[in-house]
Amino acid sequence: TPDDSDTNNTYVVTVRAPDTNSNTTDQTVTVTVTDVDEGYRYWRINVDTTSLPVNSTNMAEMEWRIVAAGADQTSPGGGSITVSGTLAGTPGAMVDNDAGTTWHSSVSTNPALWRYDFGSNKSIVQVTIQAHPSNPAYSPTAFTIQRSSDDSAWTTEWTNTSPATWTAGEIRTFTKP
């Protein structure tokens, strides 16, 4: 079994082949193994702060992308959504492609959590958020994007701190560093 002693995912193997007269020839083969991000089924946003001194957030739309500026991976009625609590609107409003519908998290939870089950693995690299059309002050100013393969153990993929003030209906895109 080849060993990767320098841990660079490159394996050097020497293959020796004898002929019927016991003569041998050697061939050295180098194999490089490249890690592939196979993605995660569950993704969530944890909103830590807004521009208001309350533990609540309100957003109109979110798009989750596997390629920067690519297609939104969510779909109205697709995927399963879990939230930390709802004060107004519905969690599905975040992915219904209608900026006039919104989700407002309950005020008793911090961070405000919105989780999407894609049903299959995705490697999310970009999230777009659209502020509430008439109450943008509840839009997130600090949040984390997290991923999980089992909906139980979560890993922070990236953290964002946004400028403190949003305008009504403003759209901001956040890309994984």
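- The salt bridge (Lys or Arg N to Asp or Glu O under 4.0 Å) analysis of residues 11-25, with sequence neighbours excluded, yields the pairs Arg16-Asp26.
- With contacts defined as side-chain heavy-atom distances shorter than 4.5 Å, the pair Thr159/Phe143 does not qualify.
- Side-chain atoms of Val47 and Met59, non-hydrogen and from C-beta on, do get closer than 4.5 Å to each other.
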**Request:** Determine, step by step, whether Tyr138 and Trp166 satisfy the side-chain contact (heavy atoms from CB on, under 4.5 Å) criterion, reporting the C-alpha distance in whole Å, the side-chain angles of both residues, the deciding distance to 0.1 Å, and the verdict.
**Result:** CA-CA 9 Å; Tyr138 285 97; Trp166 288 67; over 6 Å; no

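- In this view, Arg147 and Tyr40, Glu157 satisfy the side chain to side chain donor-acceptor pair (under 3.5 Å) rule, not counting sequence neighbours.
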**Message:** What verdict does the side-chain contact (heavy atoms from CB on, under 4.5 Å) test give for Leu113 and Val83, after you've listed the backbone C-alpha separation in whole Å, the side-chain angles of each residue and the deciding distance to 0.1 Å?
**Reply:** CA-CA 5 Å; Leu113 169 111; Val83 296; 5.9 Å; no

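- Applying the side chain to side chain donor-acceptor pair (under 3.5 Å) criterion to Asp117, with sequence neighbours excluded, gives Arg41.
- Remark: the Thr173 side chain and the Thr128 side chain contain an N/O donor-acceptor pair separated by less than 3.5 Å.
- Residues Val127 and Arg65 form no side-chain contact, since every pair of their non-hydrogen atoms from C-beta on lies 4.5 Å or further apart.
- Side-chain contact between Asp48 and Thr141 is absent, with no heavy-atom pair separated by less than 4.5 Å.
- For the pair Ile66/Ile124, a side-chain contact is recorded, criterion being any heavy-atom separation below 4.5 Å from C-beta on.
- For residues 76-99, there are no salt bridge (Lys or Arg N to Asp or Glu O under 4.0 Å) pairs, not counting sequence neighbours.
- Taking the side chain to side chain donor-acceptor pair (under 3.5 Å) definition, one finds that Asn21 meets it with nothing, sequence neighbours left out.
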**side-chain contact (heavy atoms from CB on, under 4.5 Å) between Ser80 and Arg115, intermediate numbers included** = CA-CA 8 Å; Ser80 170; Arg115 194 265 300 148; 4.2 Å; yes

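- Note: the hydrophobic cluster containing Trp158 also contains Ile45 (ILVMFWY, side chain heavy atoms under 4.5 Å, direct or indirect links).
- Under the 4.5 Å side-chain heavy-atom criterion for ILVMFWY residues, no single connected hydrophobic cluster contains both Tyr116 and Trp154.
- Atom CD of Gln130 and atom CE of Met62 lie 12.0 Å apart (nearest 0.5 Å).
- Residues Pro140 and Ile129 meet the side-chain proximity criterion, which asks for heavy atoms closer than 4.5 Å.
- Note: Trp114 and Trp64 have parallel aromatic rings, judged against thresholds of 30 and 60 degrees for the angle between ring planes.
- One side chain, Thr86 or Trp103, offers a donor N or O that lies under 3.5 Å from an acceptor on the other.
- The main-chain N or O of Ala153 is found under 3.5 Å from a side-chain atom of Ser148 such that the two form a donor-acceptor pair.
- When the side chain to side chain donor-acceptor pair (under 3.5 Å) test is applied to Gln146, the partners found at least two apart in sequence or on another chain are Arg44, Asn46, Thr156.
- Between Ala60 and Ala99, the shortest heavy-atom distance links the atoms CB-O, 3.5 Å.
- Criterion: ILVMFWY side-chain heavy atoms under 4.5 Å apart, direct or through other members. Under it, Ile81 and Tyr42 are not part of a common hydrophobic cluster.
- Shown here for Pro133 and Ala168, the closest heavy-atom pair between the two residues is O-CB, 3.0 Å.
- No single ILVMFWY cluster, assembled from side-chain heavy atoms under 4.5 Å apart, contains both Val125 and Ile171.
- A donor atom on one side chain and an acceptor atom on the other are found under 3.5 Å apart for Thr74 and Asp72.
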**Asked** Would Phe118 and Gln73 count as a side-chain contact (heavy atoms from CB on, under 4.5 Å) if you check the C-alpha gap in whole Å, the side-chain angles of each, and the deciding distance to 0.1 Å?
**Response** CA-CA 8 Å; Phe118 285 94; Gln73 298 298 301; 3.7 Å; yes

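- In this structure, Glu61 and Asn97 approach most closely via the heavy-atom pair OE1-N, 3.1 Å.
- Here the closest non-hydrogen pair linking Ser105 and Ala112 is OG-CB, 3.5 Å.
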